[in-house]
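A short worksheet on the structure shown next.
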There are 2 protein chains.
Amino acid sequence: MSLTEPRADEAPAARPDAGKSTRDKGGALMVNSVEKAFRVLYAFGRQHQTLNLSQVAAETGMDLSAAQRFTHTLTRLGYLHKDAETKRFELTAKTLDLGYHFIRGSRLVDRAMPYLMHLSKETEETVNLTMRDATEIIFVSRFLSRHVLNTDVIIGTRMPAYCTAPGIAMLSRLPEDEAMAVIDASDLKAYTPSTTWQREALREKIRQAAAQGYATAFEEVYLGDASIAAPILDHRGRPEGAVNVAVSCSRYSRDDVVTRFSALVIAAAHAVSRV
Amino acid sequence: MSLTEPRADEAPAARPDAGKSTRDKGGALMVNSVEKAFRVLYAFGRQHQTLNLSQVAAETGMDLSAAQRFTHTLTRLGYLHKDAETKRFELTAKTLDLGYHFIRGSRLVDRAMPYLMHLSKETEETVNLTMRDATEIIFVSRFLSRHVLNTDVIIGTRMPAYCTAPGIAMLSRLPEDEAMAVIDASDLKAYTPSTTWQREALREKIRQAAAQGYATAFEEVYLGDASIAAPILDHRGRPEGAVNVAVSCSRYSRDDVVTRFSALVIAAAHAVSRV
DNA sequence: ATAGAGTTTATCGCATAACGATAGAAAGCC
DNA sequence: GGCTTTCTATCGTTATGCGATAAACTCTAT
């Protein structure tokens with residue numbers, strides 16, 4: 001422990017009220033203003049498309065001064081726009097810049113793109129590239145089929161990993177305890193009557209996916225949606241994404257989905273992998 | 001009459017050390033840490049997909065300590081990932097969250113979506129919704145034709161307004177002096193032999209678009225690309241976006257583009273407008 | 001008109017949170 | 001092995017962000 005402690009002197013009896021303002025809100029190096037800025041940006045969304053100053057304050061739990069400072073800052077940086085007459089703020093299209101940089105900089109997306117396009121033409125169905133963030137998957141790239149134009153799922157959409165084919169596919173290439181830790185951290189619930197949401201059933205599903213090399217999900221989140229996915233592995237064999245094909249249940253039986261698409265998604269995922 | 005100028009303090013006497021560290025780096029309310037955080041995030045991109053700490057410092061012009069603090073902060077917030085063994089950082093898919101919130105919260109996108117989908121099915125061609133940010137347009141929503149799968153233009157892509165159909169369409173509904181101010185602020189140049197890039201020619205183009213209600217662009221940025229666009233107006237009649245159809249020159253003559261699509265894009269844009 | 005509530009905008013002294021230099025640890029590289 | 005380079009951790013200082021407050025608006029009702 002304090003073998004290396006040269007002198008425990010610096011502030012021995014000091015600390016009048018230790019534990020109080022211990023600069024701990026996420027480490028000594030944390031710059032809290034950054035988190036606050038994002039809190040303000042995320043106050044906007046489906047519910048609150050525009051907000052005035054006091055609403056920003058209320059919504060973020062900051063006082064008026066802080067709300068003022070951060071809206072000012074973000075407006076100046078171009079992420080917020082303030083309507084001169086209504087004095088209300090809203091997000092600008094500049095907020096797309098950050099994600100754009102990510103997509104453009106992602107080696108994974110870069111490698112995957114041609115195979116996704118190929119798969120899209122081949123199948124004429126919706127094809128997605130997803131990545132995992134803790135217990136969720138995020139849609140990173142998406143080629144829509146012209147049949148179903150689902151406007152609800154777009155780039156950046158998140159879904160729980162446990163009830164999606166790409167999620168299970170990725171978990172299936174993790175050490176089982178790690179996969180189960182993800183499951184345990186998830187808020188398990190049945191979105192539809194077909195949702196697999198029980199711990200042990202999910203463990204079985206993951207094992208099966210591991211054995212088969214692909215995962216399926218039939219109406220687990222949206223009724224009428226079927227999906228089949230295969231994991232993309234990085235150079236150490238860890239899953240860094242998944243490719244999936246999504247179709248309407250009305251046009252394919254479960255067996256059809258597997259026989260028509262399993263080999264294709266596996267091939268695409270394998271081609272993108274760096275094993 | 002600079003309403004936006006933070007006013008260089010006509011309060012004269014005060015300020016003992018005026019002019020020195022006058023808290024002026026964009027107004028007294030500016031929280032500089034926020035700007036620095038974005039500087040770090042934008043250091044990543046096509047050129048630099050991954051960066052180590054010193055590269056971040058170099059790339060952003062910050063000292064090591066600052067780079068350390070901001071990479072730490074952004075990693076903790078989930079926007080950066082640090083590879084444990086290579087010690088290199090890269091952007092995570094979480095960077096898509098911000099743009100996702102914007103899309104989801106945008107009344108414009110909300111209103112436009114059904115018409116874009118309709119237009120997409122009707123024409124079977126690529127359909128876009130764009131907005132303007134100063135001299136540029138930003139692609140906000142996009143329905144790809146299955147013919148041309150252009151992987152270069154994605155959500156968040158920026159292009160100069162002056163050489164795109166949506167850009168000219170939006171400018172055509174601005175007071176002419178305002179439109180020309182945008183032109184003058186642009187870095188005018190010829191991307192292809194067909195690019196209209198001279199000031200007066202652009203003025204004429206804008207006037208014509210105003211008269212016609214739509215704008216066209218033939219191979220002005222990419223060879224082989226043709227585009228026709230109409231402006232979307234907000235409740236005061238100001239342009240807040242544009243709808244366009246993009247096709248391959250090889251499949252349509254210039255006249256074809258106009259006769260087949262002009263009425264459609266105008267109708268769609270009009271339906272979305274709130275005049 | 002006038003008061004009055006609910007805003008937004010501007011100011012300012014204070015304490016803290018961010019700063020930046022530096023030194024120790026660790027990892028590569030001759 | 002010594003050497004360079006990069007990462008991690010620590011620490012005293014003060015500029016920087018904080019937050020209370022007051023002034024200036026805006027709207028609404030009377």
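Lettering of chains follows the sequences in order, A, B, ..., and the numbering in each one begins at 1.
Regarding L29(B), its CG atom lies at a distance of 11 Å from the C1' atom of dG17(D), rounded to whole Å. Rounding to whole angstrom units, CZ of residue F70(B) and C1' of dG20(C) are separated by 12 Å. Put simply, CD on Q68(A) is 11 Å from P on dT11(C), counting in whole angstrom units. The nearest whole Å value for the distance from the CG atom in L64(A) to the C1' atom in dT21(D) is 11 Å. As a whole-Å value, the separation of L53(A) CG from dT9(C) C1' is 9 Å.
Of the two residues near DNA chain C, S33(A) and S54(A), the one whose nearest nucleotide lies more 5' is S54(A). For the pair F89(A) and V31(A), both in contact range of DNA chain C, the more 5′-proximal nearest nucleotide belongs to F89(A).
Interatomic distance, Q55(A) CD to H48(A) NE2, rounded to the nearest 0.5 Å: 8.0 Å.
In this structure N52(B) satisfies the side-chain hydrogen bond (donor to acceptor under 3.5 Å, both in side chains) test with no other residue, sequence neighbours excluded. With sequence neighbours excluded, the residues forming a ring-ring contact (aromatic ring centres under 6.0 Å, His included) with H101(A) are Y42(B), listed by chain and number.
Side-chain proximity of S65(B) to dG19(D), dT22(C), dA10(C): nearest is dT22(C). Nearest to the side-chain atoms of R69(B) among the listed nucleotides dC19(C), dC18(D), dT9(C) stands dC19(C).
Checking L80(A), T60(A), L51(A) one by one against T71(A), the side chain to side chain contact (heavy atoms under 4.5 Å, CB included) holds for a single residue, L80(A).
Between N52(A) and dT8(C) there is a side-chain N or O to OP1 or OP2 distance below 4.0 Å. Using a 4.0 Å cut-off, some side-chain N or O of K36(A) falls inside it from OP1 or OP2 of dC18(D). OP1 or OP2 of dA25(C) has not a single side-chain nitrogen or oxygen of K87(B) nearer than 4.0 Å.
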